[in-house]
Amino acid sequence: MRKIIEIINEYDPGPFPEDFDTEVIQLASNENPFPPSEDVVNAIRENALKINRYPSPYYKRLKEKIAEYVNAEPENVAVSTGATDILRMISEIVLEPLDPVFVPMPSYSMYLLFSMLREARIQMKAYEGYRIEGCEFRGKLAFLCSPNNPTGNSLDKKVIGEFAENFEYVVVDEAYADFENKTALDLLKDYDNVIIVRSFSKFFGLAGMRIGYAVADERITKAIEKIRNPFAISMLALHAAIAALNSLDYYKKLSKLIVKERERMERELSKFFYVYESDANFLLVKHGIKELPKLLEDRGILVRDVSGLEGLKGYHFRVTVGRPEENDKFLETIREIYEDQERTS
Ligand SMILES: *Cc1c(COP(=O)(O)O)cnc(C)c1O
């Protein structure tokens, strides 16, 4: 086996409801807490009878719909089973061993794993609150995330442009960009080395279906398409994604509610803790109670403990915006825990 496999840490998915005997509120994985649109459910139902066949190999219709959504040409779209798989393929088409890769922190851990797998030379830098004001490095590939997971903030387009001037390729992971429509898509007009990576898992609520895409210069999307497993996206995922794009009004309405709830949670949490500004469907919270995630878990609420992540000093957790009644329960529980702590300290 390759030596690198021994030193790579397994991806930590955080707590999942399946791990518990009782019902829990899942606010740990940044999923959309609402059910799919009726059209999506119908599309899955109708195509269930056709799964003896392979899906259409070029995903032409899906790419056309995505292109329409992001205002690009279908040739500038590549699709696969989630944004994560797109990231993996980008590292495969771009990176030779020892190529310099830049990963600002704190951010999504898979950038490091995929770069390590390619035996690239990784340059990390921690930015307080992921506030990146400019590009101080040069290299083959930079992995930027906007809005960033786990801080929630978006990067300035001017800063991304600076990276595009200094790196051969720049990934902008926009898994959460649909919520506030803060996107670097229009940089593609000026830069043929910028790769926008997006997902159906968050805004479109299809995390369980596994679909993601890249928008980039045709040279890049062609390369990705070349190495994707044939028929990677399943028949059901394919039609669910097309139906989701056809239900844009439904998902925009959900997104509005999610953003409103996020603002409410931010206001409430700020009474107790430092809360980072977010353009996504989650909040990063800095707190002083080491065992807070565990205390929430004991009370049936799952959040993601991100303490110890490179670039985060002190205790932090990341909480997904859930349905209003779930958020009520979460906020109420936070208040209880906080008041308990105050009393006993
Ligand atoms: C959730 C997430 C993804 C994963 O997207 P999938 O399409 O589910 O693979 C990618 N990047 C970031 C930053 C994420 O938070």
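For ligands, and for the atoms within them, numbers begin at 1 and follow the listed sequence.
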Restricting to non-hydrogen atoms, name the atom on His287 and the atom on Ile289 that form the minimum distance, rounded to 0.1 Å. CE1-O, 2.8 Å
Close N or O approach (Ser199, ligand 1; < 3.5 Å):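 Yes; at least one N/O pair falls below 3.5 Å.
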Quick check: does Ala83 get an N/O under 3.5 Å from an N/O on ligand 1? yes
With distance as the sole criterion, is a donor-acceptor pair present between the side chains of Asp39 and Ser37 under 3.5 Å? no
Side chains of Tyr111 and Ser91, donor plus acceptor under 3.5 Å: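 Checked: Tyr111/Ser91 side chains show no N/O donor-acceptor pair below 3.5 Å.
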Parallel, tilted or perpendicular: which one describes the rings of Phe231 and Tyr54, with boundaries at 30° and 60°?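 Parallel: the ring planes of Phe231 and Tyr54 meet at under 30°.
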Plane angle bin for Phe102 and Phe163 - parallel if under 30°, tilted between 30 and 60°, otherwise perpendicular: parallel
Which atoms from ligand 1 have a heavy atom of [X] less than 4.0 Å away?
| X | value |
| --- | --- |
| Ser201 | 6 (P), 7 (O), 8 (O) |
| Cys145 | 13 (C) |
| Gly82 | 6 (P), 7 (O), 9 (O) |
| Thr84 | 4 (C), 5 (O), 6 (P), 9 (O) |

Is the ring centre of Tyr108 less than 6.0 Å from the ring centre of Phe143?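 Aromatic pair excluded; centres sit 6.0 Å or further apart.
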Within the 6.0 Å centroid threshold, strictly below: Tyr276 and Tyr274: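 When the ring centroids of Tyr276 and Tyr274 are compared, they turn out to be within the sub-6.0 Å range.
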Reference residue Phe204; test ring-ring contact (aromatic ring centres under 6.0 Å, His included); the match among Phe179, Tyr251, Tyr213: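 Answer after filtering Phe179, Tyr251, Tyr213: Tyr251.
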Closest heavy-atom approach to atom 14 (C) of ligand 1 among Met209, Arg318, Lys202 is made by Lys202
Is the side chain of Asp192 donor-acceptor paired with the backbone N or O of Asp217 at a distance under 3.5 Å, no angle test?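 Such a contact is absent between Asp192 side chain and Asp217 backbone.
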Could you check whether any heavy atom of [X] sits closer than 4.0 Å to an atom of ligand 1, since that is the contact criterion I want to use?
| X | value |
| --- | --- |
| Gly212 | no |
| Phe200 | no |
| Ala207 | no |

Indicate, as side chain, backbone, both or neither, the part of Arg210 found under 4.0 angstrom from ligand 1 when only non-hydrogen atoms are considered. side chain
With a heavy-atom distance limit of 4.0 Å, tell me whether Asp173 approaches ligand 1 through its side chain, its backbone, both, or neither. side chain
Around atom 15 (O) of ligand 1, find the nearest protein heavy atom and jot down its residue, atom name and distance.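 Protein heavy atom at minimum distance: Tyr176 OH, 2.6 Å.
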